[in-house]
Structures are given as C-alpha cells and as structure tokens.
Number of protein chains: 2
Amino acid sequence: MANYSKQREAILTELQNRCDHPTAAQVYEGVRQVIPNISLGTVYRNLAALVESGEILSVSVGDGKEHFDGDKSFHLHLHCKNCGAIIDSRVEREKLKNLADLDGFTPENSVCVVYGLCKNCNKQ
Amino acid sequence: MANYSKQREAILTELQNRCDHPTAAQVYEGVRQVIPNISLGTVYRNLAALVESGEILSVSVGDGKEHFDGDKSFHLHLHCKNCGAIIDSRVEREKLKNLADLDGFTPENSVCVVYGLCKNCNKQ
DNA sequence: CTTAAAAGTAGTAATCATTACTACTTTTTA
DNA sequence: TAAAAAGTAGTAATGATTACTACTTTTAAG
C-alpha cells in the first residue's frame, strides 16, 4: 500500500543522522543536499506522516516552529529561553522531581506532554 | 516600573478561573466578557509577559497553537491525537517509566521540555 | 510485460497564528 | 502637575504550515 518514496527515506535518514532537533525548514535544507529539487511541501507532508507512524517525534518548545527528533528513546529536552538551544538530557527520572543538576542548565519550569488516544476516542 | 494594567489582571484571572488549556484566541474570547474592547494583540503581549515572569505556563502540543496553563504545579498533559483534547494527569512519577494506566488514555509517545537557561547563557 | 488505478511529488497559492507598528491613553515619577 | 514611561486598540505585516493542481512514480492485475 505504499509508504515508500526516496523522498521519505531521505527525510528519515537526514533526521537519524543528525543529533539536534531540526525544524521542517532545516530538514529541507539538509535533504536538498541529496535531492536538490525536493519540495518544502513534501518535507512537511512526510514529516507529518513519520510522526503519525511513530517513526520520529515532534518536539514543540513554544518558539513558533515545530522541531523533529529521530531519537525516540525517553529523554528530556532542555530549552534555553535565551539562546533557544534544545539540549538532550538523560537524567534519571528521580531528578524530574526537583529539576536540579541538569549539566549546568538552570531550570525554571517544565512541561510534559504525552501523546496518544483518550478514553473516548479509544472506543472509536 | 509597572506591570499593572487591568487588562493583564483580567487575563491572569481568566486563566486561573478555568481549568482547561486555552489558546490566546480562547483567552481573548473569555476576557472580552469583562473588557469588551480589549485587543487580541494585548492578549498576546500579556500572555507572553506572564509566561516570561513565570506566572503562567505555555504548553505546546504541536497543534499549531500555543496553549496556556494557569496551574503551575507539576502534572502531565495527555494530548489526544484524535480529538485534540489536553487532559491533566497527576500520575506518580514512577509511572512515567512505562506510561501505562493513565485513566483510560492510551499513550504512544511522550515529550518533556524543561525551560530555563543553559550553561553558556547563565554566565551572561 | 503493460497499463490503469493509486500514491506521491514539485511548485505555487492560500491560510492563519502570531508579531510589529502607529497613534492614543493611562500610569508613574520627579 | 507635567513630562517620561509603559500600556493599549486597531490594523498591517510576517512567516510557518497547509491546500491545491498538474505531473510523475509506484503498485497491482490481467
């Protein structure tokens, strides 16, 4: 039934080859090295499909752009409100309690979002 | 030095009086009951200021809009990918490990973002 | 094979949440 | 009490994302 296209593969590969959290536009720039005439719309459509199929994660930090993450293992995203950096942190879950000692990062707040299906939507 | 205005107070009150996670447009609609000619721009500006000062939280779930939360105590946000609902969950932190048993919510993925200042930006 | 339906794409136009801007009002402070 | 500072309403502009159209690639059936 199809979910193959060299564009989608290039997009997934691009995401898995980098360890930051690129936006759609950044993924587009990266993939253009391989497929020069790929369309930005194609990047958006395939990123959405990859999120939907669970192959990648979408990370929203509130900077107006959606970020994407090829690493699906559980980790925190430390977002600097000054420079906008998004830093991965594999802190033990215990430390989630008081949010201290995050490699020099000074935490102020945290927001956790769990994606899935609610009780009502589960029953169809 | 100012951070008073009846508009800002009305916006904060609106957020604290409701227990959902309204968007800027929804806050605007609510506050208009009290200040009918308030401007949408004023709502955006004050929401940003309230987030900056730490009085409210911004919650991004990846639906293209920013949501705001007057409840700053730690809790999970369960986001249904079907109906878009954002449900509060005060699950014990232990359960973060396997993300099961969230009141009938079927979890697929989770993303946690910690806001603050990174090591570099800390040193000015 | 080969051909028609299905799925995907490039490129462009449209949408819409958010931000910027301007003239005006309220608050502060000296 | 008057001038500077901060905030506001209303509108215009921005920019990330989505929709749309004509075209290409893939799939599947005879």
Side-chain angles (χ1 to χ4, degrees), chain A residues 1-15 20-53 55-69 79 81 84 86 113 115, chain B residues 1-15 20-53 55-69 79 81 84 86 113 115:
Chain A
M1 273 109 196
N3 67 340
Y4 165 81
S5 79
K6 69 173 198 278
Q7 286 86 346
R8 178 172 306 187
E9 279 197 1
I11 288 165
L12 182 55
T13 300
E14 167 72 13
L15 255 170
D20 57 347
H21 308 79
T23 62
Q26 292 172 320
V27 171
Y28 174 61
E29 283 311 316
V31 175
R32 286 225 282 177
Q33 310 296 312
V34 184
I35 307 177
N37 72 326
I38 194 171
S39 161
L40 181 56
T42 296
V43 173
Y44 271 102
R45 183 163 23 77
N46 280 296
L47 284 172
L50 290 167
V51 169
E52 174 63 26
S53 73
E55 291 170 86
I56 64 173
L57 282 179
S58 151
V59 180
S60 302
V61 297
D63 65 352
K65 301 159 207 157
E66 201 158 6
H67 295 257
F68 298 91
D69 193 345
H79 179 239
K81 68 178 189 180
I86 303 177
V113 180
Y115 297 89
Chain B
M1 276 95 204
N3 68 340
Y4 165 81
S5 79
K6 69 173 198 279
Q7 286 87 347
R8 179 173 304 187
E9 279 198 1
I11 288 166
L12 182 56
T13 300
E14 168 72 13
L15 255 171
D20 57 347
H21 309 79
T23 62
Q26 292 172 320
V27 171
Y28 174 60
E29 283 311 316
V31 175
R32 286 225 282 177
Q33 310 297 312
V34 183
I35 306 176
N37 72 326
I38 194 172
S39 161
L40 181 56
T42 295
V43 172
Y44 272 102
R45 182 163 24 77
N46 280 296
L47 284 172
L50 289 167
V51 168
E52 174 64 26
S53 73
E55 290 170 87
I56 64 174
L57 282 178
S58 150
V59 179
S60 302
V61 296
D63 65 351
K65 300 159 209 159
E66 201 160 6
H67 295 257
F68 298 90
D69 194 345
H79 179 237
K81 68 178 189 180
I86 303 176
V113 179
Y115 299 90

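Order of the sequence lines sets the chain letters (A, B, ...), proteins ahead of strands, with each chain counted from 1.
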Exercise. Taking Phe68(A) as the fixed residue, which of Asp20(A), Leu50(A), Val51(A) is the one that meets the side chain to side chain contact (heavy atoms under 4.5 Å, CB included) rule?
Worked result: Val51(A)
Return the polar atom pairs (N/O with N/O) between nucleotides 10-13 of chain D and the protein under 3.5 Å, or none.
from    : atom 1 : to       : atom 2 : distance (Å)
dG10(D) : OP2    : Asn37(B) : O      : 3.3
dG10(D) : N7     : Ser39(B) : OG     : 3.0

Exercise. Can you check whether Arg45(B) has a side-chain N or O nearer than 4.0 Å to OP1 or OP2 of dG7(D)?
Worked result: no
Problem set entry | Between C1' of dT15(C) and NZ of Lys65(B), the distance in whole Å | 12 Å
Problem set entry | Residue-phosphate contact under 4.0 Å: Ser5(B) side-chain N/O, dA6(D) OP1/OP2 | no
Exercise. Among Thr13(B), Asn46(B), Val43(B), which residue meets the side chain to side chain contact (heavy atoms under 4.5 Å, CB included) test with Arg8(B)?
Worked result: Asn46(B)
Exercise. Starting at CD of Glu66(B) and ending at P of dT18(C), how long is that distance when rounded to a whole Å?
Worked result: 6 Å
Problem set entry | Whole angstrom value for the distance that separates P of dT17(D) from CG of Leu47(A) | 10 Å
Exercise. Atom CZ of Arg8(A) to atom P of dT25(D): distance rounded to whole Å?
Worked result: 18 Å
Seminar exercise, completed: Taking dT17(D), dT18(C), dT27(D) as options, the one with an atom nearest any side-chain atom of Ala24(B) is dT18(C)
Exercise. How close or far is atom C1' of dG7(D) from atom CD1 of Ile11(B), stated in whole angstroms?
Worked result: 11 Å
For this session: State plainly whether the residues Glu9(B) and Lys6(B) are in salt-bridge range, i.e. N to O under 4.0 Å.
Result: no
For this session: Would you indicate, yes or no, if dT19(C) has its OP1 or OP2 atom less than 4.0 angstrom from a side-chain nitrogen or oxygen of Tyr44(B)?
Result: no
For this session: Please report, rounded to the nearest Å, how far the C1' atom of dG15(D) is from the OH atom of Tyr28(A).
Result: 15 Å
Seminar exercise, completed: In terms of heavy-atom contacts, Ile56(A) and Leu12(A) come closest through CG2-CD1, 3.7 Å
Problem set entry | Whichever of Asn46(A) and Ala48(B) has its nearest DNA chain C nucleotide further upstream toward 5' | Asn46(A)
For this session: Drop me the distance from Gln7(A)'s CD to Ile38(A)'s CD1, to the nearest 0.5 angstrom.
Result: 5.0 Å
Exercise. Does a side-chain N or O from Gln7(B) land closer than 4.0 Å to OP1 or OP2 of dA9(D), or not?
Worked result: yes
Seminar exercise, completed: Taken to the nearest whole Å, CD/Glu9(B) to C1'/dT8(D) is 16 Å
Exercise. If you round to the nearest 0.5 Å, how far is NZ of Lys65(A) from NE2 of His21(A)?
Worked result: 15.0 Å
For this session: Let me know the distance between CD of Glu52(B) and P of dT19(C), rounded to the nearest Å.
Result: 13 Å
Exercise. Between Leu15(A) and Leu47(A), is any pair of side-chain heavy atoms under 4.5 Å apart?
Worked result: yes
